[in-house]
Structures are given as C-alpha cells and as structure tokens.
A.B. asks: 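Let me give you the structure first, and then I'll get to my questions.
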Amino acid sequence: MKLLEIICIFFATLCIFSCGKVSLENIYPPDVIEDGKLLTDELIRKYKYPAETHFVITSDKYILRMHRIPKPGGRPILLQHGLLDSSATYILMGPNLALGYYLYDLGYDVWMGNARGNRYSRNHTTLNPDIDKAFWNFSWHEIAVFDIPAMIDYILYQTNSLKLIYVGHSQGTTVLFVMCSMRPEYNEKIILAHALAPVAFMKHIRTPLLPLGQQGIEIPVIKSMLEFLPNANLFKGICMSGQNAEEVCLNVYYMLVGKDVKQFNRTRFIMVLGHLPAGIAMKQVTHYLQLIKSDKFRQYDYVEENKKIYCQNEPPDYDLKKVTVPIAMHYSLNDYLSEPVDVVRLKELLPNVIDFHKMEIPQWNHMDFLYAFDARKLLYTRIHELNKRFFIEK
Ligand SMILES: *[C@@H]1O[C@H](CO)[C@@H](O)[C@H](O)[C@H]1NC(C)=O
Ligand SMILES: *[C@@H]1O[C@H](CO)[C@@H](O)[C@H](O)[C@H]1NC(C)=O
Ligand SMILES: *[C@@H]1O[C@H](CO)[C@@H](O)[C@H](O)[C@H]1NC(C)=O
C-alpha cells in the first residue's frame, strides 16, 4: 500500500509538471538524443572506432552478446557492467572520457560483456525470454558461475591468450568474487582484477530507495517491468516528457547512487536513461536484499528448499579465501550502494588485495567510476599503471 502511494505520487507529480508540455527531444543536442538510442556497437562505430559483436553460449545454454573494440595482438581486457547496466556503460561518455576508448587507445584489446537477461543477452538456445519463466530463474550467482567463465574462455580462445585483465563495476565485482570462490580455477585466468565500487557485504547500504526495493519485489507489476521490458523506454519516456520530469528523475537517480553534481554532465542524463535500466531478473535484486538482511556474503536463500539444494538449512557462505587473484579495489565515500565500512570488511577477507584505493574526491558516487569528468585523471590512469606492473612481472 505504502509503495503504491509513493508510485502514485511520483507519477502524479510528473504529470502535473510535464504532461502536455514539450518533449525534451527538441531541447537537447541531437547527439545526446541519438546516443541514447544507438546500441553499443553502433555507438562505437559512430565515434570512428572499430566494433565487433560476438555471441557466447554458456554451459546452461544462455546466449550472451559481447561487444569488442578489437585490437589484434593487444592485451585482452574484459569490462563487466553492474546491475541493470550493459556493455554500453563503458563507452557511453564518448572517446574523450569513457574507459573502453581509453584502454583501446593505449593498445588493449577491449571486450565488454553482457550478463544474461540484459537487453543484449535476452537469448537462449531453447528458452524464449518473452514467454518462458524458466529463462528468468537466475541470480548473479548464475552470472558468476556460468556467464563470466564462458566469456573469459571465449576471449582467451579468440585471442590465443592464457590470461586477461578484468575490470568489474558493482555487480561486475560481485560476480568476480563469486566466480573465483565457486570456480577457483578461474583465478589463474586473470592477471589482475580491478573492482570498481566493490559489492559483497551490504549491511550498511545507504540508499533511501531501499525500502522501495524491499516492497517492490513483492509486486508482480514491478517484477515484470524489470524482466520483460528490454530496456528503459518506459522510464525514458516519463523522464523525457519535460524538464521538471527530468529533474525529478535525476533526483531519484542521485538517491540511488549518491549525489555528485560536479562530476556528472547533466546534459547527458537523458542519454544515460536510454541505456539504463537494461534489464535484469528479479532474483538478482532479491539475492542482494538477502545479503543486506543476513549481513553475509552467501548463496541464494531458498528458505525451505535450502535443505534439498545445499544439504543444510542456511545457504553456504562464499569462501573468499579462494579468491586468490590479485585485486585492486577502488571505492569511494559517497557511494550509496557500496559503503566504505562494508568494503573494508571485504578487503580484510580477500587474500590478495594489491591496491586499496579510496577516490580522493569525497563526493565521488557509484556511477562516477564510469561517467565522471575526472575519471581518467583520478582512476583510469591508475588502472593502466597497475596493469603495467603486472605485465612486467608475468
Ligand atoms: C540469439 O543468438 C544468435 C546467435 O547464436 C543470434 O544470431 C541472434 O541474433 C540472437 N538473437 C537475439 C534476439 O539476440
Ligand atoms: C530455479 O533454479 C533453482 C537453482 O538452480 C532450482 O533449484 C529451482 O528448482 C528452479 N526453479 C524453477 C521454478 O525452475
Ligand atoms: C556535456 O555534454 C554535452 C553533450 O554531449 C556537451 O556538449 C558538453 O560539452 C559537455 N560538457 C562538458 C563540460 O564537457
């Protein structure tokens, strides 16, 4: 009831301010509007970089789409997006800012993954995501155990390499920790992993939208909105209906990821909304909410079925001692989804942290790792310097 009220007020407010007024299509620069509509590979080509699309089939038959900015002979590097996000996140801010282009310009062979269920990876050899519920029966546990290993093996095979560098953001770090603990042989396939806004323990998560999430997962409409809409068109439609609507949406966004007006190009918010949210299974959200409640980093809680699935009443913890890959952790103070207290706890439990890097700007938020004006200066150069150290050693 409470949630429904909030939603009604939200939509009513938007309508009062914006219904019937001009759409933002006419106000924003055409490039911003267009970049919100293009797909990852189209965007890359628009900015005169080479782009490839690859399909990778997992051992449980999901078909994942990967994007690549190919540099034959370059160091393979895998960039893995966070919750609700997609490969686009690593190129969205364009050739002068985005990590994908930066790495390519430095000679890396850049691969960008898409987890099962997002707009690029709604595909399976037998299941249809539009009608088969079974398609959506996965959490980030399955992304970690099936998707990331399949993508790593594919890249290593294609590039004839033994190891690659991994960069994960948010959920892209969760799946790294889960993969390396559940399938420890993958520690050996990664030279160095960068965890941007690391997420494992979640007790201290700060977003004021949390209660909304907790109630939201009970509501079937919300569930189907997340799973069955291929991308953000609904939100984008609402948020683009006028400048006041956009302002409300921007504030909701800041409530989710932390507020940092200085590092974010506000003109590009509308472009971001063309790519976010990119689609997830509700079980991913449920699994995260379970971590917040249990204050543990552990497998999905099937409640009464735990006994059958795990042979114990409680879900097993992920064994972080097995995550032996060298990891550089990059975190920040104003990240509503990855609190420093929780990050420090994680760091203490990981056996091979080679860099523990607090972003020097206190307002740095969850998305600044990808979108900030100063991301190159304050983060990407450091990523490259750390990588170089490992190239020499290995
Ligand atoms: C599904 O994957 C196949 C490749 O195995 C590809 O040809 C097809 O376009 C994909 N479909 C969608 C909707 O992504
Ligand atoms: C979903 O997957 C879990 C774990 O793989 C399995 O135990 C369960 O039976 C599945 N549920 C459905 C409805 O397919
Ligand atoms: C913000 O983005 C717009 C649209 O891409 C661009 O024209 C503008 O120069 C950017 N502002 C800054 C300060 O980079």
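Basis for what follows: all heavy atoms, side chains included, without hydrogens, waters or symmetry-related copies. Whatever order the structure lists them in is the order used to number ligands and atoms, beginning at 1.
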A.B. asks: Short N/O distance, under 3.5 Å, between E305 and ligand 2?
C.D. replies: no

A.B. asks: Does any N or O of ligand 3 fall below 3.5 Å from an N or O anywhere on N265, backbone included?
C.D. replies: yes

A.B. asks: Quick check on contacts: which atoms of ligand 3 are under 4.0 angstrom from a heavy atom of V32?
C.D. replies: 4 (C), 5 (O)

A.B. asks: If we count only N and O atoms by modelled type, under 3.5 Å, do the side chains of Y120 and T40 hold a donor and an acceptor together?
C.D. replies: yes

A.B. asks: Checking a contact table here: which protein heavy atom is nearest atom 9 (O) of ligand 1, and how many Å away?
C.D. replies: F55 CZ, 4.1 Å

A.B. asks: Less than 4.5 Å apart, any side-chain heavy atom of V145 and any of R183?
C.D. replies: yes

A.B. asks: Do H194 and H330 have side-chain N/O donor and acceptor atoms under 3.5 Å apart?
C.D. replies: yes

A.B. asks: Is it true that T174 and Y288 share a donor-acceptor pair across their side chains at a distance under 3.5 Å?
C.D. replies: yes

A.B. asks: Can an N or O of Y120 be found at a distance shorter than 3.5 Å from an N or O of ligand 1?
C.D. replies: no

A.B. asks: Examine the side chains of D85 and Y90 and answer whether a donor and an acceptor come within less than 3.5 Å of each other.
C.D. replies: no

A.B. asks: How about Q299 and Y310: do any of their side-chain heavy atoms sit closer than 4.5 Å?
C.D. replies: yes

A.B. asks: Is there a heavy atom in D31 that sits closer than 4.0 Å to ligand 3?
C.D. replies: no

A.B. asks: Is the shortest distance from atom 7 (O) of ligand 3 to a protein heavy atom below 4.0 Å?
C.D. replies: no

A.B. asks: Determine whether any heavy atom of F373 lies closer than 4.0 Å to an atom of ligand 3.
C.D. replies: yes

A.B. asks: Hydrogens and angles aside, do D105 and Y49 bring a side-chain donor and acceptor to less than 3.5 Å of each other?
C.D. replies: yes

A.B. asks: Out of all atoms in ligand 1, which are within 4.0 Å of some heavy atom of I63? Include the element for each.
C.D. replies: 2 (O), 5 (O)

A.B. asks: Using distance alone, with no hydrogens and no angle criterion, decide if Q263 and D374 have a side-chain donor and acceptor under 3.5 Å apart.
C.D. replies: yes

A.B. asks: Protein heavy atom under 4.0 angstrom of atom 2 (O) of ligand 3, is there one?
C.D. replies: yes

A.B. asks: What is the closest protein heavy atom to atom 5 (O) of ligand 3, and at what distance does it sit?
C.D. replies: R268 NE, 3.0 Å

A.B. asks: Run Y108 and H384 through ring-ring contact (aromatic ring centres under 6.0 Å, His included) and show every step you take.
C.D. replies: CA-CA 10 Å; Y108 292 84; H384 178 55; 5.6 Å; yes

A.B. asks: Provide the number and element of each atom of ligand 2 under 4.0 Å from a heavy atom of I309.
C.D. replies: 7 (O)

A.B. asks: Could you tell me if any non-hydrogen atom of Y302 lies under 4.0 Å from any atom of ligand 2?
C.D. replies: yes

A.B. asks: Checking N137 against K283: is there a side-chain donor and acceptor pair closer than 3.5 Å?
C.D. replies: yes

A.B. asks: Tell me which protein heavy atom sits closest to atom 14 (O) of ligand 1, plus the residue, atom name and distance to 0.1 Å.
C.D. replies: R65 NH2, 2.9 Å

A.B. asks: For the pair W140 and F297, name the ring-plane relationship: parallel under 30°, tilted 30 to 60°, perpendicular over 60°.
C.D. replies: parallel

A.B. asks: Please list the nearest protein heavy atom to atom 12 (C) of ligand 2 with its residue and the distance rounded to 0.1 Å.
C.D. replies: N137 ND2, 3.2 Å

A.B. asks: So for ligand 1, is N123 a polar contact partner (N or O within less than 3.5 Å, distance only)?
C.D. replies: yes

A.B. asks: Is it the side chain, the backbone, both or neither of M271 that has a heavy atom closer than 4.0 Å to ligand 3?
C.D. replies: neither

